[in-house]
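Encoded as C-alpha cells, the structure appears first; notes follow it.
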Amino acid sequence: MRIFYKAFPLMLMLVLIQLMTASVLMAQQEEYQKPVFLNQESDWADSVFNTMTEEERIAQLIMIPVYSNKDQVHIDSISNLVKEHKVGGLIFFQGGPVRQAQMTNRFQQESKIPLMITIDAEWGLAMRLDSTMRFPYQMSLGGIEDEELIYEMGREIARHCKRMGIHVNFAPVVDINNNANNPVIGFRSFGEDKENVARKGIAYMKGMQDEGILANAKHFPGHGDTNVDSHYGLPVIHFSKQRLTELELYPFRELFKEGLGSIMVAHMSIPTLDPTENLASTLSTPIVTELLKDEMGYEGLVFTDALNMQGVAKFYEPGVVDVKALLAGNDMLLNTMDVKNTIKEVKKALENGEITMEEIDRRVMKVLKAKHWLGMDEMRPIETENLIEDLNSPEAEFLNRKLTEASLTLLKNKDDIIPIKNLGEQKIAAMAIGTDNTTQFQKGLERYTKVERFFLSPNASLEEIADMKEKLKDYTTVLVGVHKLQLKAGGSNFGVTSNVNLFLKELIEQQPTVITIFGNVYSLEKFEGLAKAHGVIAAYQETDMAQEVASQLIFGGIGAKGKLPVNVSSQFKIGDGLTTQGGFRIGYSSPEEFGLVSNDFNKIEELIHEAIEQKATPGAQVLVAKEGKVIYHKAFGHHTYDDEQEVHLDDLYDLASLTKISTTLAALMKLKGEGKFDENQTLGTYLPMAQGTNKENLIYSDILTHQAGLQAWIPFWKNTVRKSGKFKWFTFKSDSSRRFPIKSADQLYIHRNYARKIYKEIMHSPILERGKYVYSDLSFILAPRVVESITGEEFTAYLDENIFSPIGATNLTFNPYKTYPLDRIVATEYDSLFRKQLLKGTIHDEGAAMFGGVSGHAGLFGTANDLAKLLQLYLQDGEYGGEEIIKSNVVSEYSRCVHCEDGNYRAMGFDRPNRPGDPKGNTAPSAPATSFGHTGFTGTYGWVDPENQIVYVFLSNRVHPTRENTQLYKLNTRTNVMQVIYEAMESAAEQKASF
C-alpha cells in the first residue's frame, strides 16, 4: 500500500501529461485545414469506385517502384503488373525525363484507372532524373530568410512535375535535424529549429499544392535525431512523448493547419509510443492510427516509407510487411515488392477479421478523391517534344540562382576581407582542395581578376603540403575551395583528412585565406582552426551554380544573406551569418533579374548565326550588362572559317579603335580628375615635340572631338616599301637584333628609331579646316607620348597600374602573344600587302604595328568580359570596386556632346549616336542620344547607355580573311544585336502594363 501511495503522484503526473498532450493535440486539431483534395465532392471518384472489384480496390492502395534507366524486361514487367493487378500508382526512381514520360504514357494507357505517379524530388526532379533542374538541398534552403523564394521553388517544382505527368512529390522533409551524425536526413532537412523547419516546409508545401501537385511531409513522426540509416537498419528513438510532441511533431502540426495533402511514415522504433520490439513506426497501429489519425486528426493520404528498406524488410517478407503497414493505418503502400502476394495477404487479413472491407473502401475513396483533385479525370498523354527545354527554363534557372545566392552563408569576415578590395595591389591564388581539375569556382573567380590556380589532393603527403605552402607564401590572398566532400555523416569525417586539416590550419596562420566549403555544412566542424581564417563561406553543396555564386560573393558581385540553420560547433552556431552588400563589382545573372525574358534574347543568336553563315565574321563574343549585372554573355562560331577552333568567352580579340576609349581616353580622364590634364589646353602644353609645329596650338577638346583639322590618317607603312615590294633596309628585318628589336609581326622587326620618323611625319602633316569634323587617328597615335610626358611613366605600365589592374581587367593588354597562348587569341586579317601573313597575336592596325603593337589609337586586345568592366566603370562615372578610379563627373563630362549645335555629334573621345532612331545609324534605333561608346575596324563595338544602365559589348574579327569583307556593316549586325536589348525591354514593359 505504501508503495502504491508513493507511486501515485508520479502516476498522476504521467496521466496529467498525457491529458495535457491530448488536449493540446485536440485543440490544434480543430485548427487544421482539411487536405486540399477533401474540399470537393467527387462524382468521378464515386463512379470509378463502383466499377472496381474487391481485388482492384485492394490494388488501388499499392504503389510499385519503377526505373526509367532499366531494360525492356523491367518495362514489360511493370506493364504486366499494371494490366493484371491494376495497381494504384507508381513511384519513379532513377532515369531520364523522356524515357520516364514515354513509360508513363504507356502505363497510363494500359491502366483501367489512372495511375498516381509519384517521385522523390526533394531538391527537384534532378534527385532522380538526369537532364533536369537541381535546386538547392533543404539544408541550404534552411539558411534563407525569405520564405517567398521557397514558395516559388515549390511552385516551380510542381510545374516540372505536372509537365512530367507526376502527381505527388515526396517533399518537403520536415524532420528537425538536431543530430550532426544523422546519416539519412542531414542535408535533406531545413535545420534544427522547429519553427524554421515548419515555416520552410509550409512554403514548399503551399507552392506545390497551389500548382496542383500533392505535397508530402516526411518522415513522421520525425527522423531528425537518429544515427542509423533506416535504409539499412531500424533506428531506435528513446524520446518521451512530451519531447516528440513539443519538438518532432511540431512541423507536422503546422503543416496540417495549412492543408497538407499527404504524409509519409518513417521506419523507426519508438518504444515510448509502441514498445513492440523491432517494430517500425510504419507498422505500428499506436503511431499511425492512434497518434497520427486519431489524436492529431490527420485526414490526408498516409504513405508508408519504402517497404523494401531494411528498417522493415529485414523483419518481414514482401506481402506480409505490406499487410502489417495496412493494418497499422497507412493508406498507400509504397514500394510493394510482391503485388500478387500482397493482395493475397490482404484478402487473408479480411478473412481473419483483422481489417474490414469498409475500412479499405474508405481509404480507396480517399485515394480516388485525391486522383480527382490531381486532374486524373481528364488524363492526357505527356508531350515529349521540348520536354527537356521546358524542364530547364530560364525562369527556373533564375529562381535556382536566387535560392542559391540567398543561402550562401558568410561565417567569418575578418578585416572585411570580403568583398576583396584593392585588386591592383592583390596577388591572388585560387586553391582547389579535393580535385585536380579546374573547378567552376576557380573559373568564376577568374572573371573578376587574374588568379593563379593551384590544386591539392585530400591525400597529399606532408612533403606535397610543405611544397604547396612554399608556392603560396608570396600571394596576398588565397581563395580556397574545398570540393568532393561526402554528403552523409559517417565515420570518415565527410572526407576531411588529417593532412588537409594540417595544410589549412598552417595556411590560415601563414596568410589571409578565404575558405569556401562546398559540401555538408556539418563538415565545417571537422576542420581544425577554421574559425581563425579571414573568411569562411558555407555553400552547403557542390553544384556549378553554388560555385559560381560563391565566386561572386567573394568579389562583391552579390551580397551575403544566409544564416546557419544548425549548430555546427561552438564557433559556428545556428543563426550565424554575416551580411555584405552586392553591386560592389559587376555581377552575373540573367535577364529575368530585371523582369526581362531570356527567350527575347534568342534573336541575338539568330543575328550572329546569320552573320557567320554570310561570312560577315567567323565568330563573335556578345555581352550585355544591365544595372551592374551581366545578363547575357555568349561566344559564337570559330576563330577562322576553317572551323577548327571554337570561340570561347576567355578568348582575346583585337579591339582596334576601341583602344581609343579604353587607353588614351581612360588615361586622360584619370589625369583630368587629378588636375594634371585640361582639355582646354593645347597639344603643345603636354607634348614637347609639338612645340614649334603647326600642331602646337591645337586645343585638346577639338582634338578629342575630331575637329582640330588633323588628317584622317597617314599610311606610314607604305614609306617602308620599295617599288619591288621589298622593305627598305632601315625599316624592317626578319630577325630581331639590337638595331631591330621591336616586333611588328611574326618574323618582322622594325628599326628601333623608326617611331621618330612617324612622329616627324605627323608633325609635318598639314592642318585642314579647323572646326570641321574629320575623324582622325593621328592625335591618338601621339597620346602615349602625351601620357608619358605628363606622368613620367611608360604608357602601358600607367594603364595597368591605374586603370586595368584596379578594376580587374587584366585581360586588356597589348601584344598578347607575349603572355597568352596563341589558341586564346583570335586571328584577324591575312595581310597580303604589308606583313604577308595571317595576323594572330599581333595587332591588325599597320600604324600600331610599327610602334611594336602599342599605340593610343589601336593595339589593345581583350575579352568582352574585361572590356565590360571598363565600360561599367564609365557607366558608374569613374567608380568601381569601392574605388574612385576616375574622379566623379569626369566621365559624364567627357561623354556629353560638345558641338552638337554645329552638327558634330561626338563627345570628347567617345562616339555618340549620329542619327538617333535611324536603323542605319551607328547605334540601335532605340539607343538614347545620351548613350556613348565606340566602334572598331576589326568588327568590335562597345557602348554605354546611362539612361537604361546598359553596357553592351560586341567583339568579332570581321576583317578575316580580308578587310575588304564589309558584310558585317551591310548586315548592321552589331547595332541590330543591340536593338534586341531594347526590344526585350519594350516587350517586358508592355507585358507589365498589361497586368
Item to check | Close side-chain approach of Leu214 and Met205, heavy atoms under 4.5 Å | outcome: no

Item to check | Test item: side-chain donor near acceptor, Tyr316 and Asp322, under 3.5 Å | outcome: no

Item to check | Over 12 non-hydrogen atoms of neighbours within 6.0 angstrom of CD in Gln109 | outcome: no

Next on the checklist: With a 4.5 Å cut-off on side-chain heavy atoms, are His223 and Met268 touching?
Outcome noted: yes

Item to check | Cationic N near anionic O, under 4.0 Å, Asp331 to Lys293 | outcome: yes

Checklist entry - Would you call Lys348 and Glu345 a side-chain contact if the rule is heavy atoms closer than 4.5 Å? => result yes

Next on the checklist: Here's one to test your reading of the geometry: is the NZ or CZ of Arg57 within 45 degrees of the ring axis of Phe49 and under 6.0 Å from its centre?
Outcome noted: yes

Checklist entry - Between Phe252 and Phe256, how do the two ring planes meet: parallel, tilted or perpendicular, split at 30° and 60°? => result tilted

Checklist entry - Just wondering, are more than 12 heavy atoms of other shown residues or ligands nearer than 6.0 Å to NZ in Lys340? => result no

Next on the checklist: Nearest 0.5 angstrom please: Leu333 CG to Ile64 CD1, how far?
Outcome noted: 12.5 Å

Next on the checklist: Would you say Lys371 and Gln60 are linked by a side-chain donor-acceptor pair, where the criterion is simply a distance under 3.5 Å?
Outcome noted: yes

Checklist entry - Looking at Phe190, is Lys200 sitting on its ring face, NZ or CZ under 6.0 Å from the six-membered ring centre and within 45 degrees of the normal? => result no

Checklist entry - Which atom pair, heavy atoms only, marks the closest approach of Thr336 to Pro65? => result O-CD, 3.8 Å

Checklist entry - Do Ser262 and Asn216 meet the criterion of a side-chain donor-acceptor pair at a distance under 3.5 Å? => result yes

Checklist entry - Can you check whether Leu326 reaches Val346 side chain to side chain, under 4.5 Å on heavy atoms? => result yes

Item to check | Parallel, tilted or perpendicular: rings of Phe92 and Phe107 (30°, 60°) | outcome: parallel

Next on the checklist: If only side-chain N and O atoms count, and only distance matters, is there a donor-acceptor pair under 3.5 Å linking Ser230 with His267?
Outcome noted: no

Checklist entry - Side-chain contact, heavy-atom cut-off 4.5 Å: Pro286 with Leu273? => result no

Checklist entry - Does Asp43 CG have over 12 foreign heavy atoms under 6.0 Å away? => result no

Checklist entry - Looking at Ile237, Asn179, Asn177, Ile176, which hits side-chain contact (heavy atoms from CB on, under 4.5 Å) with Asp225? => result Asn179

Checklist entry - Would one find more than 12 heavy atoms of other residues, nucleotides or ligands at under 6.0 Å from atom CD of Glu277? => result no

Checklist entry - Does the gap between the ring centers of Phe135 and Trp123 come in under 6.0 Å? => result no

Checklist entry - Does a donor on one side chain and an acceptor on the other come within less than 3.5 Å for Arg106 and Ser79? => result yes

Checklist entry - Should Ser68 and Leu129 count as side-chain neighbours, where that means a heavy-atom distance under 4.5 Å? => result yes

Item to check | side-chain hydrogen bond (donor to acceptor under 3.5 Å, both in side chains) partner of Arg99, chosen from Asn69, Asp130, Thr384 | outcome: Asp130

Next on the checklist: A side-chain contact here means heavy atoms from C-beta on lying under 4.5 Å apart; do Tyr137 and Arg188 qualify?
Outcome noted: no

Checklist entry - If you round to the nearest 0.5 Å, how far is CG of Asn400 from CD of Glu152? => result 13.5 Å

Next on the checklist: I need the Asn335 CG to Met309 CE distance, nearest 0.5 Å.
Outcome noted: 9.0 Å

Checklist entry - Would Tyr151 and Tyr204 count as a close aromatic pair, with their ring centres under 6.0 Å? => result no

Item to check | Short side-chain donor-acceptor distance under 3.5 Å, Thr285 and Glu290 | outcome: no

Checklist entry - Is Glu41 atom CD crowded by more than 12 heavy atoms from other residues, nucleotides or ligands, each under 6.0 Å away? => result no

Checklist entry - Do Arg243 and Phe239 meet the cation-pi criteria used here (NZ or CZ under 6.0 Å from the six-membered ring centre, within 45° of the axis)? => result yes

Checklist entry - Is the number of heavy atoms from other residues, nucleotides or ligands within 6.0 Å of CD (Glu359) greater than 12? => result yes

Item to check | Point-to-point distance, once rounded to the nearest 0.5 Å, from CG of Leu61 to OG1 of Thr342 | outcome: 11.0 Å

Checklist entry - Are Leu368 and Met52 close enough that some pair of their side-chain heavy atoms sits under 4.5 Å apart? => result yes

